[in-house]
Amino acid sequence: MLKVRGLEVFYGPIRAVRGIDLDVESGEIIALVGGNGAGKTTTVRAIAGLTPYKGTITYDGKPLTPNTAELNLRAGLALVPEGRGILGRMTVEENLSMGTYCRKDHAEAARDIERMFERFPILKERRHSLANLLSGGEQQMLAIARALLSRPRLLLLDEPSLGLAPKTTTAVFELISSLRRDGLTVLLVEQKARQTLKIADRAYLLETGRVVMSGRAADLANDSLMSQAFLGGATSPEIGSP
Amino acid sequence: MSTYYAGLFADIGILFLGAMSVYIILATGQLSLGNAGFMGIGAYVASFLTVEMQWPLTAALIAAALAAAAIGIVVGFPALRLKGIYLAIATLGFGEMVRSFLLNFDRMGGSGGFHGMKHVSLEYIWLWGGGIFVLIVLLERSRLWLEMRAVHDDETAANLVGLNTTATKVGAFGFGAAVAAVSGGLFAHHHVYIEPGNFGFERSIDFVLAVILGGSTVGAGAVVGAGLLVLLPEWLRFLADWRLAAFGVLLVLVLLTRRQGILDRPLLDKLSLRRARA
Ligand SMILES: Nc1ncnc2c1ncn2[C@@H]1O[C@H](COP(=O)(O)OP(=O)(O)O)[C@@H](O)[C@H]1O
Ligand SMILES: [Mg+2]
């Protein structure tokens with residue numbers, strides 16, 4: 001479904017992503033794990049069309065053009081960015097309404113919003129409050145709900161558990177598993193490797209802009225190198241780039 | 001109405017239009033300090049059309065608005081890559097560019113100014129002011145407004161829901177430029193004489209000030225701001241030399257107590273919508 005070949009992204013002279021190859025097949029949850037500064041965010045931003053890059057990214061066999069987020073979304077590729085990217089000074093309902101912006105089936109889109117309210121009752125309860133005023137977990141739900149309203153086939157999630165309490169984190173991971181059961185393909189960026197590998201099918205480990213390990217999530221979870229680097233603590237360890 | 005007040009209300013109407021031109025652009029999160037430039041373009045284009053081409057004023061104003069919108073869009077594409085203070089400075093530069101172009105443009109009088117326009121009535125000025133205000137109120141209730149607010153709120157997030165943020169910003173800039181041009185055309189036909197100095201930096205600041213003072217989050221703020229900006233210095237005349245200082249103090253006081261300006265959505269709702277909803 002998604003094929004990334006030789007992806008390179010520069011911030012001025014800094015080569016943040018240094019030739020990454022990555023494949024996502026339909027129906028999978030693919031995990032992209034790695035420490036702070038490994039290049040995870042940069043990679044998904046390039047895929048979503050938020051940054052220029054070198055290399056090729058093909059989606060459904062068609063090459064994507066760099067820096068065209070609004071086109072990528074219409075092709076069925078939605079990103080929930082790091083930090084959630086909610087519209088803080090707009091209400092929950094307006095956020096969801098913006099989620100359907102790219103759709104032409106307005107009546108069905110309106111029904112989808114109601115379905116989202118059923119799926120996330122807390123959002124319904126707070127539909128008229130400013131998104132800023134929601135808790136971190138609620139904001140993350142809102143961000144995911146809004147992304148789903150564009151009816152994507154591939155959902156990119158960048159550290160959805162960042163800054164959330166353990167219980168809320170578990171809820172988010174459960175939600176991601178349930179999305180896959182609904183037939184959605186997910187590319188999940190996370191630092192909480194242990195929990196991530198549990199729900200993922202395959203995983204890529206990134207370090208300083210390169211893939212240093214990839215394979216079945218279960219195998220990676222058992223790998224000694226991986227466990228030394230990441231799975232030591234119950235929560236995510238912070239590792240700086242060498 | 002005395003000619004004194006008629007003059008003041010004409011000034012308010014013209015400033016109201018200028019303030020709305022800033023407000024529309026501000027709605028997408030962009031601060032323009034160059035709208036006097038678009039006002040100047042509007043003033044000169046409209047005056048040229050009525051005086052030299054014998055066009056009727058309304059047609060001339062529409063043509064001036066379209067011309068300014070086109071220039072706004074052309075300027076907007078590169079300028080709106082800039083954000084915040086950099087954009088503000090770039091628009092300021094644009095305004096000064098227009099002014100110095102007009103100074104050297106001898107075909108339209110250059111530094112000597114241009115005249116020959118026919119005086120326009122107060123009612124006509126407010127017909128335009130009211131008409132564009134209604135347009136803005138309609139816009140504020142439309143889907144497009146939601147998009148503009150989204151761009152204002154978080155450009156990346158807006159981009160990620162599929163919005164072409166460049167188009168939204170450039171569109172707002174073009175619309176703002178058109179409204180500023182109407183303000184300029186009316187100014188020219190109210191004062192029946194224009195010179196490049198009429199459309200300097202201070203004018204752009206007046207527009208912004210009216211919006212910030214009156215309320216930068218609702219269109220109706222522009223009319224409150226324009227009214228106060230014109231009337232307060234008059235009412236403070238008894239203070240003689242101190243009136244501008246007193247005006248400045250009042251301004252600071254208002255902004256200290258209400259950062260969003262005098263009018264905002266909750267206050268407007270209290271004044272109108274609550275009855276409608278109940
Ligand atoms: N806007 C930016 N400007 C310059 N360097 C950046 C920027 N964003 C990220 N980087 C650098 O790129 C590298 C990868 O960052 P990032 O993709 O955010 O990593 P991760 O998401 O894995 O923590 C880091 O070294 C970071 O410092
Ligand atoms: Mg990151």
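Below, chain A is the first sequence line, B the second, and so on; all start at residue 1.
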To the nearest 0.5 angstrom, please state how far the CG atom of B:Asn159 sits from the CG atom of A:Asn67.
8.0 Å

By a 4.5 Å heavy-atom criterion (distance strictly below it), what part of A:Leu79 contacts chain B: side chain, backbone, both, or neither?
both

A:Leu87 backbone acceptor or donor facing B:Asp154 side chain under 3.5 Å
no

Residue among A:Gly49, A:Gly99, A:Gly88 with most heavy-atom pairs under 4.5 Å to chain B
A:Gly88

Any donor-acceptor N/O pair, A:Arg74 side chain to B:Gly162 backbone, under 3.5 Å
yes

Count the heavy-atom pairs under 4.5 Å between each of A:Met90, A:Arg146, A:Arg45 and chain B, then report the option with the highest count.
A:Met90

Please assess A:Ser97 against B:Leu146 for the test side-chain contact (heavy atoms from CB on, under 4.5 Å), listing each intermediate value before the final yes or no.
CA-CA 9 Å; A:Ser97 169; B:Leu146 210 58; 3.6 Å; yes

Test side-chain contact (heavy atoms from CB on, under 4.5 Å) on B:Arg149 and A:Arg89; report intermediate values, then the result.
CA-CA 8 Å; B:Arg149 280 172 57 211; A:Arg89 281 172 293 183; 6.0 Å; no

Is it the case that over 12 heavy atoms from other parts of the model lie below 6.0 angstrom from the CZ atom of A:Arg119?
yes

Check the pair B:Leu163, A:Glu70 against side-chain contact (heavy atoms from CB on, under 4.5 Å), reporting the backbone distance first and the verdict last.
CA-CA 6 Å; B:Leu163 253 155; A:Glu70 69 269 13; over 6 Å; no

Residue pair B:Arg143 / A:Tyr101: nearest heavy atoms and the distance that separates them:
NH2-CA, 3.5 Å

Residues, nucleotides or ligands: over 12 heavy atoms within 6.0 Å of B:Ile85 CD1:
no

Can you check side-chain contact (heavy atoms from CB on, under 4.5 Å) on A:Leu73 and B:Leu160, steps first, answer last?
CA-CA 7 Å; A:Leu73 184 88; B:Leu160 284 173; 5.9 Å; no

Nearest heavy-atom neighbours spanning B:Ala157 and A:Gly85:
CB-O, 3.1 Å

Is chain B contacted by the side chain of A:Leu149, its backbone, both, or neither, given a heavy-atom distance below 4.5 Å?
neither

